[in-house]
Protein chains: 2
Amino acid sequence: MALRHAVLAALLDGESSGYELAKTFDAGMANFWHALPQQLYLELTKMEKDGLIQGRAVIQETRPTKRLFSVTSAGLAELERFAESSAKPAFVRDDLLVKVRAVDSTSAKAVIEQLEERALIATAKIDIFERYMERQRGDADEQAFLNSGDRIGPYLTCLRGLRFEQETADWCRQTAHILRERCGANADT
Amino acid sequence: MALRHAVLAALLDGESSGYELAKTFDAGMANFWHALPQQLYLELTKMEKDGLIQGRAVIQETRPTKRLFSVTSAGLAELERFAESSAKPAFVRDDLLVKVRAVDSTSAKAVIEQLEERALIATAKIDIFERYMERQRGDADEQAFLNSGDRIGPYLTCLRGLRFEQETADWCRQTAHILRERCGANADT
DNA sequence: CGCTATTACTCATATTCTTGAGTATGGTGA
DNA sequence: TCACCATACTCAAGAATATGAGTAATAGCG
């Protein structure tokens, strides 16, 4: 019952079709939620049935008909209820961390490569987040925007995403470096 | 099929019963994996059947008999295979971020409280991680330990956990502050 | 003219995770 | 002494997620 709140939050940006959501959802949530298209379509259907969102069909001449969904007042009420309910603890799951944790008992080479690859991915995300944030705050500087902008939620979560990815990139590079040094000295394994 | 790798990594610290694992797993994985006791018991049973770990019963006089599991050579081979397979992208899921993302459309009060609460939780984890790291590196300084310690995997992941929680605490406090300021100005909602 | 990519979805199945309830024994505090 | 907590697990059912395979039409490329 949590995906639906993430979907509601995403739809606050404006009405969207399942297809559009599916493409922007992960990035739009600044990587603090993830869902596959199939899940989103299913959830949107259920949410409409429950009255939290409302769909309207848009017939296109050259493309298949799509359904654009927007949050209803019942949806807003549900979000309010959600905001007031106690939050579950954050939930991180990362294969790469597991690999690093076990690195003393495996060969380090592959792990080093994956750390470097992950650093690059993180850097790319940093770029996306920074561009999004620049666009959001426009001419204002960050402080001014946060003090008086009228929609700061997405900006704030993006800030968290940005810092998370910066830490990820730093840690990956540093860890890769340390493991490489040791590989040079030791005989791998 | 990913929990099993996390369990294998956790068992590298030494043999452990399901019960002990259940208590230490989340913290021991520096919060980069999470599982409930029931999942762990089930997974341990399957892993033993698959030959990745080996259990031995320890009959205790005053407590129920427990089974201690340790990683077999097949388990090590599986870890090696895992280390070399391509990693899935990291996976974060956080209710609180969803709430912040939607905060412009809900009352901010409850969200502020949860941000502050989360900052405290993060601070407590920082403490745990720091104490673990001190214990691990002993007299050596960090650089020396990382260069020549013989088991650095858990330390490295703990480092990541530490920084993650520090960022969490900072961001939560900053975000709570910003929202409080705006609440003072605006009329909530 | 065929090939692939893009838009816009659906359905079914499988795996994984969570929730809730139970079992059994011994130690601890009021 | 009696309830409650800790140890040490098990089982079953349900919800949530992931995987894989389709459908169907247009647009652009060579």
Side-chain angles (χ1 to χ4, degrees), chain A residues 1-8 11 15-26 29 31-50 52-53 55-69 82 85-95 98, chain B residues 1-7 15-26 29 31-50 53 55-69 85-95 98:
Chain A
M1 278 305 122
L3 173 59
R4 65 175 42 194
H5 299 119
V7 170
L8 285 171
L11 286 178
E15 62 177 5
S16 170
S17 69
Y19 187 77
E20 282 158 16
L21 249 196
K23 276 194 304 180
T24 61
F25 188 71
D26 287 20
M29 290 309 281
N31 296 282
F32 286 102
W33 211 274
H34 148 83
L36 296 165
Q38 292 94 318
Q39 255 177 288
L40 291 171
Y41 283 120
L42 202 68
E43 193 62 36
L44 285 167
T45 307
K46 284 197 243 158
M47 287 167 76
E48 190 181 22
K49 214 177 60 195
D50 294 346
L52 303 179
I53 57 175
R56 63 182 184 95
V58 173
I59 296 152
Q60 301 172 107
E61 271 164 38
T62 133
R63 297 262 152 232
T65 297
K66 63 181 172 184
R67 282 169 65 61
L68 295 179
F69 295 96
F82 171 65
S85 72
S86 76
K88 289 190 184 176
F91 184 101
V92 185
R93 196 157 275 193
D94 192 343
D95 274 6
V98 174
Chain B
M1 278 305 120
L3 173 58
R4 64 175 43 195
H5 299 119
V7 170
E15 61 177 7
S16 170
S17 70
Y19 187 77
E20 281 158 17
L21 249 194
K23 275 194 304 180
T24 60
F25 188 72
D26 287 19
M29 291 307 282
N31 297 281
F32 286 102
W33 211 275
H34 148 84
L36 297 164
Q38 290 95 319
Q39 252 178 293
L40 291 172
Y41 283 120
L42 201 67
E43 193 61 37
L44 285 168
T45 307
K46 286 197 241 158
M47 287 167 76
E48 191 181 23
K49 213 177 60 196
D50 294 346
I53 57 175
R56 64 181 183 95
V58 173
I59 296 150
Q60 301 173 109
E61 271 164 37
T62 132
R63 299 259 152 236
T65 296
K66 62 181 171 183
R67 283 169 64 60
L68 295 180
F69 294 97
S85 72
S86 76
K88 289 191 183 174
F91 184 100
V92 186
R93 198 157 273 192
D94 192 344
D95 273 8
V98 175

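In the text below, chain A, chain B and the rest are named by the order of the sequence lines, each starting its count at 1.
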query: If only atom types and distance count, is the side chain of A:E43 paired as donor or acceptor with the main-chain N or O of A:V7 below 3.5 Å?
result: no
- prompt: When the distance from CG of B:L36 to P of D:dT10 is rounded to whole Å, what number comes out?
  reply: 16 Å
Distance in angstrom units between A:L40 CG and D:dA18 P, rounded: 10 Å
message: Using every non-hydrogen atom in the two residues, find where A:D94 and B:A90 come nearest and quote the distance to one decimal.
response: OD2-CB, 3.3 Å
message: Could you tell me how far apart B:R67 (CZ) and D:dT10 (P) are, to the nearest whole angstrom?
response: 8 Å
- line: In whole angstroms, the gap separating P of C:dT16 from CH2 of B:W33 amounts to 11 Å
field: A:H34 side-chain N/O to D:dA18 phosphate OP1/OP2 under 4.0 Å
entry: yes
field: B:R4 CZ - C:dT16 C1' separation (whole Å)
entry: 13 Å
- prompt: On DNA chain D, nearest-nucleotide positions of A:L3 versus A:E61: which is more 5'?
  reply: A:L3
field: side-chain N/O A:Q60 vs C:dA8 OP1/OP2, d < 4.0 Å
entry: yes
message: Counting only side-chain heavy atoms from C-beta out, which of D:dA18, D:dT19, C:dC9 sits nearest to A:K66?
response: C:dC9
- request: Would you give the length of the straight line joining atom CG of B:D26 to atom CG of B:L36, rounded to the nearest 0.5 angstrom?
  value: 8.0 Å
query: Can you tell me how far CE of A:M29 sits from OG1 of A:T24, rounded to the nearest 0.5 angstrom?
result: 10.5 Å
query: If you look at every strand shown and take non-hydrogen atoms under 4.0 Å, does B:R93 touch a base, only sugar-phosphate, or nothing?
result: sugar-phosphate
- prompt: Any side-chain heavy atom of A:R93 sitting closer than 4.5 Å to one from B:K88?
  reply: no
statement: Rounding to 0.5 Å, atoms CD (A:Q39) and CG (A:L44) come to a distance of 11.0 Å
- prompt: Using a heavy-atom distance cut-off of less than 4.0 Å, which residues of residues 15-26 of chain B contact DNA chain C?
  reply: none
- request: Would you kindly check whether a donor in the side chain of B:Q38 faces an acceptor in the base of C:dG20, or vice versa, at under 3.5 angstrom?
  value: yes
message: Without decimals, in angstroms, what is the distance between B:I59 CD1 and D:dC9 P?
response: 13 Å
message: Quick check: on DNA chain D, is the nucleotide nearest A:L42 upstream (toward 5') of the one nearest B:F69, or the reverse? Name the residue that is more 5'.
response: B:F69
- request: Determine the interplanar angle of the A:H34 and B:F91 rings, folded into 0 to 90°, and report it as parallel if under 30°, tilted if 30 to 60°, perpendicular if over 60°.
  value: perpendicular
Sugar-phosphate, base or nothing in reach of B:Q39, heavy atoms under 4.0 Å: base
- request: Choose from D:dA27, D:dA18, C:dC17 the nucleotide whose nearest atom is closest to any side-chain atom of A:R63.
  value: D:dA27
